[in-house]
Amino acid sequence: MKSDLLENLNPEQKQAAMHYEGPLLIVAGAGSGKTRVITHRIAYLIAHYHVPPYNILAVTFTNKAASEMKERVRNLVGPLVEYISVSTFHSFCAKLLGIEGENIGLKKGFTIYDSNDSEHLARRVLTELNLDSKRFPEKMMLAAVSEAKNSLISPEEYPASSFSEEKIKQFYTTYQNKLVESNAVDFDDLIFKTVMLFRKNPDILQKYQTRYQFIMVDEYQDTNHAQYILVALLAASHKNICVVGDDDQSIYSWRNADIRNILEFEKDFPNAVVVKLEQNYRSTGSILQAANTIITNNLNRKAKKLWTANSEGEKPLLYEAATERDESQFIVNEINRLTKKGFQLKDMAILYRMNSQSRIIEEVFLANSLPHIIYGGIRFYERAEIKDILAYLRLLANPYDSVCLNRVINVPKRGIGKATMEKIELAHLNNKGSYLDTLLKASSIPNLGSKLKPLSEFAKLWYSLTALIDNGNITKLVETIFEKTGYMESLAREGTDEALSRIDNLKEFLSVTKNYENRAGAEASLEGFLSEIALITDIDRYSDTNDAVSLMTIHSAKGLEFPVVFITGLEEGLFPISRSLYDENQLEEERRLCYVAITRAQKLCYMTYAQTRFLWGQTSFNSVSRFVEELPEQIDSYSPVKKVTPSPVTSTPQKHNSWENCQLKSGDKVLHATFGQGIVIEVKGENHSEVVVAFHKAGLKKLLLEYAKLEKL
DNA sequence: ACACTGTGAGTTTTT
DNA sequence: CTCACAGTGT
């Protein structure tokens, strides 16, 4: 049955898939079938070398990549896939620390802080240390801490040879102490602490070395030093390590990814076998040629040249828009045209450099009723109400967590503010137990006055909820929290549109818990649920069954492919982004980002830019991106200035001049008595008597100017 | 304690 | 522009 397993692989792919023991480096260009090779290698190890699935570990960076890999392995090996460990770096470490964490002082149920929680904590540390947050912004301090952790430098080891280093060291030390007190870890700690665990406990390390006989790492170019050491430790005894990566697609150096990990793999593992995959199966010849032309402008890279046997196809098309709205409208028009030629909406993606660019695109999409999904941006799990309910759950799992306690103790309002909270913190200092212990003994906290009553009630509520933790029924637990805390009720009483949408989000959260329970079955636990949620991103919440255009940043598009790709905002200062313009290394990373963007496209690739763009509160006039200029021969360009814009809606100035009777034009902000603020999308009808307005709260409305009292803002 | 207002500052990418 | 925070008045 498995004899034809490798039948459809090319010779290099086959060589990599058949590799048995010892280190293996697969340099896999974009679209060269690397996932295919990894999945086939896993299947081959099992079928041909009879490696027990239990001994195989595959690590990726994103949950999406992990679940996709799992599915594709399942297609090859069937139900055996459940015994293979396929997971992200972070979730692998989270699980491992859940089991072994007590060896390095982590109590059961520890919380994983996201960047938002970390910032809260950082702010408290800054005030406590009396550090001027202007000279030492928390973002900067956290970045320094992150860099230290990713380099495996502990607070004690952190240098103090300059004034600012001294301050960072101080911050790092206090920040870390507070994490420990809260029984919490941040993202970087997951990797850092796992490495520490292994270093301090050789017996535990050995256990996992024995368990994971064959290790595979995807997107190796994005690993940082800590991740590299983690993998190296696990592979130290058997050296059965296979890494897959492409230095041209390294776009995470700002997260301390160390490109040297891939460039120097052969030094680190001297007898490594190296396989290069250079045949691209994804894109047309023209698209690939454009990508190749761009990337050769980078000096710091391994020489390679992707080729394809695919047909030439059409050259990428460059569109010069007047404004960012025009850019979006062009895209909408093209999408409408392409759907008539047989493309589906889910075949198309719009990529941009930064999330804020999605706003205008979404507006125009809404105005044209074009179905779309925005990845990233306002994240589900970052919405206040979701964070509130999660904070309740996290507090139940970990009653030491001060950040979560601060978040929920006055939500909904219980009349407990800063002053009371300080009294609690003070009492807690002399208490060896958890915050729950402290609050249950609230009557012994001095000077509480009238606040004792609400506090005791809160403690009682908290205590009664703990009884529900262990039955694994998280949905029930969440429903009880909604009810007993009065959270839902207080939102319902508010009755505003915003409150109603919050209620909807909370209801959707119940489908998240149900989904988890279905998947986890008898294994379901509050800790398991929380650690899964902490590491999940929005990308994992969407299914691709809906026919809709995808909108996302280029970073989150890595690893994905689409028949049609629109790359937007190709302007100097935006892409490449202004901060990178004077740093050759950063500029090369921007160029790699551009390379990643182009190579997402299978059939058609569009590149767009706007002559003027409203950016950061003002209109800017940027020239076309240098990346476009690096492609003189490889693209066709299309400038609407010479032709009539084919859009039914436009905001080009020429057209406005002819609207003599009309004070409103598309793009204007207006205020409506009942619908609130909105933006004019379209003016139409005889004498321009009708307007279509996208209201921020009420959505799209068609209005007659004669009746609707619109105030121009 | 809290709701409101105005000011001021910083604007990338994400597990 | 948008968010966070300080200061104000209730």
Side-chain angles (χ1 to χ4, degrees), chain A residues 59-66 87-94 112-116 118-120 123 126-127 133-134 137-140 142-143 146 149-150 185-192 219 222-224 226-227 250-257 351-360 375-379 381-382 384 409-410 412-422 449-451 454 531-540 552-559 569 573-581 586 589-590 592-594 596-597 613-620 669:
Chain A
V59 198
T60 65
F61 273 83
T62 63
N63 294 294
K64 190 176 172 74
S87 90
T88 66
F89 269 104
H90 293 268
S91 64
F92 173 77
C93 292
I112 301 170
Y113 279 1
D114 67 12
S115 23
N116 216 308
S118 297
E119 274 168 41
H120 272 275
R123 244 168 267 149
L126 286 177
T127 37
S133 65
K134 292 205 173 63
E138 69 250 23
K139 288 233 166 82
M140 193 187 89
L142 284 171
S146 178
K149 288 182 179 177
N150 288 329
V185 299
D186 63 17
F187 282 140
D188 301 315
D189 274 340
L190 288 169
I191 319 286
F192 182 87
E219 308 280 14
D222 290 332
T223 49
N224 58 41
Q227 287 162 331
S250 160
I251 53 175
Y252 284 103
S253 69
W254 50 275
R255 228 169 64 190
N256 304 308
L351 308 184
Y352 33 80
R353 184 61 195 27
M354 51 190 196
N355 278 309
S356 57
Q357 286 171 261
S358 69
R359 254 189 87 157
I360 181 73
Y375 295 87
I378 343 106
R379 286 148 208 236
Y381 294 106
E382 279 172 17
I409 196 161
N410 203 29
K413 301 257 179 305
R414 299 186 179 93
I416 296 162
K418 217 173 120 195
T420 313
M421 207 49 223
E422 270 165 22
S450 63
K451 305 298 175 195
S531 76
E532 193 178 294
I533 290 292
L535 300 172
I536 218 162
T537 58
D538 262 21
I539 281 206
D540 313 299
M552 66 183 87
T553 63
I554 301 168
H555 280 88
S556 40
K558 192 162 79 145
L574 180 60
F575 190 21
I577 203 149
S578 50
R579 304 166 74 122
S580 68
L581 292 179
Q586 288 187 43
E589 178 142 322
E590 294 287 305
R592 290 194 291 271
L593 201 53
C594 188
V596 168
R613 177 179 299 271
F614 198 69
L615 198 62
W616 296 321
Q618 56 183 337
T619 305
S620 48
K669 287 196 163 176

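Chain letters run A, B, ... following the sequence lines, proteins first and then strands; every chain starts at 1. Because the structure is a prediction, the values reported are computed rather than measured.
- Partners of Phe61(A) under the ring-ring contact (aromatic ring centres under 6.0 Å, His included) rule, at least two apart in sequence or in another chain, are Phe89(A).
- For Tyr352(A), there are no ring-ring contact (aromatic ring centres under 6.0 Å, His included) partners, not counting sequence neighbours.
- Evaluation of Trp254(A) against the base of dT13(B) yields a stacking contact (centre distance < 5.5 Å, interplanar angle < 30°).
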What is the per-nucleotide protein-contact pattern of nucleotides 1-7 of chain B, from the 5' end, where B denotes a base atom under 4.0 Å from a protein heavy atom, S denotes such proximity for sugar-phosphate atoms only, and - denotes neither? SSS----
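- Between the NZ atom of Lys558(A) and the C1' atom of dT12(B) there is a distance of 16 Å, rounded to whole Å.
- The two residues Asn63(A) and Leu535(A) come nearest to each other via the heavy atoms ND2-O, 2.8 Å.
- Here dT13(B) presents its P atom at 11 Å from OH of Tyr252(A), a figure rounded to the nearest Å.
- Toward the 5′ end of DNA chain B lies the nearest nucleotide of Gln586(A), the other residue of the pair Gln586(A) and Phe187(A) mapping further downstream.
- Distances shorter than 4.0 Å separate some side-chain N or O of Ser556(A) from OP1 or OP2 on dT14(B).
- The separation between Asn256(A) atom CG and dT14(B) atom P is 16 Å, rounded to whole Å.
- Looking at Arg353(A), its side chain comes within 3.5 Å of the base of dT13(B) through a donor and an acceptor atom.
- Straight-line distance from the NE2 atom of His555(A) to the P atom of dT12(B): 12 Å, rounded to whole Å.
- Between Tyr252(A) and His555(A), the ring center distance clears the sub-6.0 Å criterion.
- The side chain of Phe614(A) sits closest to dC1(C) out of dC1(C), dT15(B), dT13(B).
- Scored by the salt bridge (Lys or Arg N to Asp or Glu O under 4.0 Å) test, Asp114(A) finds Lys387(A) as partners (sequence neighbours excluded).
- Residue Thr553(A) has its side chain nearest to dT13(B) when only dT15(B), dT13(B), dT12(B) are considered.
- Between Asp222(A) and Arg255(A), no side-chain nitrogen of the basic residue sits less than 4.0 Å from a carboxylate oxygen of the acidic one, so the salt-bridge criterion is not met.
- Qualifying ring-ring contact (aromatic ring centres under 6.0 Å, His included) partners for Phe192(A), counting only residues two or more places apart in sequence or in other chains: none.
- Spacing between atom CG of Leu615(A) and atom C1' of dG10(B) amounts to 13 Å, rounded to whole angstrom units.
- Residue Asn63(A) has no polar side-chain atom (N or O) positioned under 4.0 Å from OP1 or OP2 of dT15(B).
- Between Asn224(A) and dT15(B) there is no side-chain polar atom (N or O) within less than 4.0 angstrom of OP1 or OP2.
- Residue Arg359(A) has its side chain nearest to dC1(C) when only dT12(B), dT15(B), dC1(C) are considered.
- Tyr113(A) places none of its side-chain heavy atoms less than 4.5 Å from the side chain of Val185(A).
- When rounded to the nearest whole Å, the span between CD1 of Ile577(A) and C1' of dT14(B) equals 14 Å.
- No side-chain donor from either of Asn256(A) and Asn224(A) sits under 3.5 Å from a side-chain acceptor of the other.
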Please list, for nucleotides 4-8 of chain C, all pairs of protein and nucleotide N/O atoms separated by less than 3.5 Å.
from   : atom 1 : to        : atom 2 : distance (Å)
dC5(C) : OP1    : Arg123(A) : NE     : 3.1
dC5(C) : OP1    : Arg123(A) : NH1    : 3.2

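- If you measure from atom CZ of Arg255(A) to atom C1' of dT15(B), you get 5 Å, rounded to the nearest angstrom.
- What you find for Asp188(A) and Ser146(A) is that their closest heavy atoms are OD2-OG, 2.8 Å.
- One interatomic measurement links the two molecules: CD1 of Ile251(A) to P of dT15(B), which rounds to 11 Å at whole-angstrom precision.
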